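Here the structure is laid out as structure tokens; the discussion comes afterwards.
Along the sequence shown, residues are numbered consecutively beginning with 1. Since the structure is predicted, the reported quantities are computational estimates derived from the model, not experimental observations. Side-chain atoms are counted along with the backbone in the values below, which use heavy atoms only and exclude waters and symmetry mates.
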Amino acid sequence: MPEPTPAGGLDAAGERIARQLFGDERYERTRTFAPDGYRAALLRLADRVVFGTVYADDTLPLRERSLCTIAVLAALGHEQQLRAHIGGALQVGISEEGIAAVITQVAMYAGYPPALNAMAAAEEVFASWTEGA
């Protein structure tokens, strides 16, 4: 079994990519300083599998993977995770306009209700991102 990283993850590449996407502060808050338990264990698994395997595959650049993730989360209506990934997209340099364009595309294929909810979530993240700058 791989050795844990200092932050408690199971995969150094996954931790590196998650930190790149979400920023060190959010990573520390959700991983390192998260109370031990089932959610923390699930996040460590995400570091290993989602970020350490899927996101680490260089077939698609991180920015494109980020936009794909936003589209899927918006279509499925997973607003809490969508907010985190919208913040991640901003973190890696995707513009608000680019994120809004992806959500508009979602409306064409997944319907207006999930896209409108996603756009509301995006606007909340954009506002908090601007305030935090």
Side-chain angles (χ1 to χ4, degrees):
M1 176 171 240
E3 287 297 312
T5 63
L10 295 174
D11 185 279
E15 179 180 333
R16 180 184 51 76
I17 292 168
R19 283 179 180 275
Q20 182 181 357
L21 184 60
F22 298 120
D24 288 331
E25 186 275 328
R26 180 178 173 85
Y27 188 90
E28 294 293 328
R29 185 170 27 87
T30 61
R31 297 331 196 258
T32 305
F33 300 114
D36 205 21
Y38 297 117
R39 185 170 190 281
L42 190 56
L43 287 168
R44 286 191 299 272
L45 181 63
D47 282 354
R48 187 175 72 220
V49 178
V50 175
F51 299 108
T53 301
V54 177
Y55 273 68
D57 175 353
D58 63 2
T59 305
L60 287 176
L62 181 59
R63 291 169 53 98
E64 290 179 21
R65 286 193 188 279
S66 181
L67 290 173
C68 290
T69 302
I70 288 171
V72 172
L73 292 172
L76 293 173
H78 297 307
E79 292 177 38
Q80 184 173 348
Q81 289 75 26
L82 176 62
R83 284 181 183 88
H85 281 274
I86 288 171
L90 293 168
Q91 177 79 21
V92 297
I94 298 172
S95 68
E96 291 180 6
E97 293 80 9
I99 294 166
V102 167
I103 294 171
T104 300
Q105 186 78 15
V106 166
M108 304 302 114
Y109 293 92
Y112 277 81
L116 287 168
N117 292 341
M119 200 67 81
E123 289 175 345
E124 289 172 17
V125 174
F126 298 161
S128 69
W129 187 268
T130 302
E131 291 168 7

With a 3.5 Å cut-off and sequence neighbours excluded, list the donor-acceptor pairs that the side chains of residues 74-81 form with protein atoms.
none

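One distance of note links CG of L21 with OH of Y55; it measures 5.5 Å at 0.5 Å rounding. Distance check, rounded to the nearest 0.5 Å: CG of D58 to CZ of R65 gives 8.5 Å. Note that CG of D47 and CZ of R19 are 9.0 Å apart. Values are rounded to the nearest 0.5 Å. To the nearest 0.5 Å, atoms CD1 (I99) and OG (S66) are separated by 7.0 Å.
Counting heavy atoms of neighbouring residues, nucleotides and ligands inside a 6.0 Å radius, atom CZ of R39 does not exceed 12 of them.
Taking Ile, Leu, Val, Met, Phe, Trp and Tyr as hydrophobic and joining them when side-chain heavy atoms fall under 4.5 Å apart, one finds V54 isolated, its cluster having no other members.
Residues Y109 and L73 fall into different hydrophobic clusters, defined by Ile, Leu, Val, Met, Phe, Trp and Tyr side chains chained together at heavy-atom separations under 4.5 Å. Side-chain heavy atoms closer than 4.5 Å link hydrophobic residues (I, L, V, M, F, W, Y) into clusters, and following such links, even through other members, never connects L43 to V50. Neither V72 nor V125 shares a network with the other; the hydrophobic side chains, linked directly or stepwise wherever heavy atoms of I, L, V, M, F, W or Y lie under 4.5 Å apart, form separate groups for each. Cluster membership check: M119 does not share its hydrophobic cluster with L116, using side-chain heavy-atom separations under 4.5 Å among Ile, Leu, Val, Met, Phe, Trp and Tyr.
When all heavy atoms of I70 and A89 are compared, the pair lying nearest together is CD1-CB, 3.6 Å. For the pair I86 and A118, the tightest heavy-atom approach, listed with the atom from each and the gap, is CD1-O, 4.5 Å. Scanning all heavy atoms of the two residues, the minimum distance from Q20 to Q91 falls at O-CG, 3.3 Å.
For Y27 and F51, the ring centers sit 6.0 Å or farther from each other.
For D36, there are no side chain to side chain donor-acceptor pair (under 3.5 Å) partners, not counting sequence neighbours.
Counting only distance, with no hydrogens or angles, the side chain of R26 and the backbone of G88 share no donor-acceptor pair below 3.5 Å.
Among I17, I94, L67, the one residue that satisfies the side chain to side chain contact (heavy atoms under 4.5 Å, CB included) test with L62 is I17.
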Starting from the C-alpha separation in whole Å, work towards a yes-or-no answer on side chain to side chain contact (heavy atoms under 4.5 Å, CB included) for F22 and T30. CA-CA 10 Å; F22 298 120; T30 61; over 6 Å; no
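You'll find the side chain of R48 stays beyond 4.5 Å of the side chain of T53, heavy atoms only.
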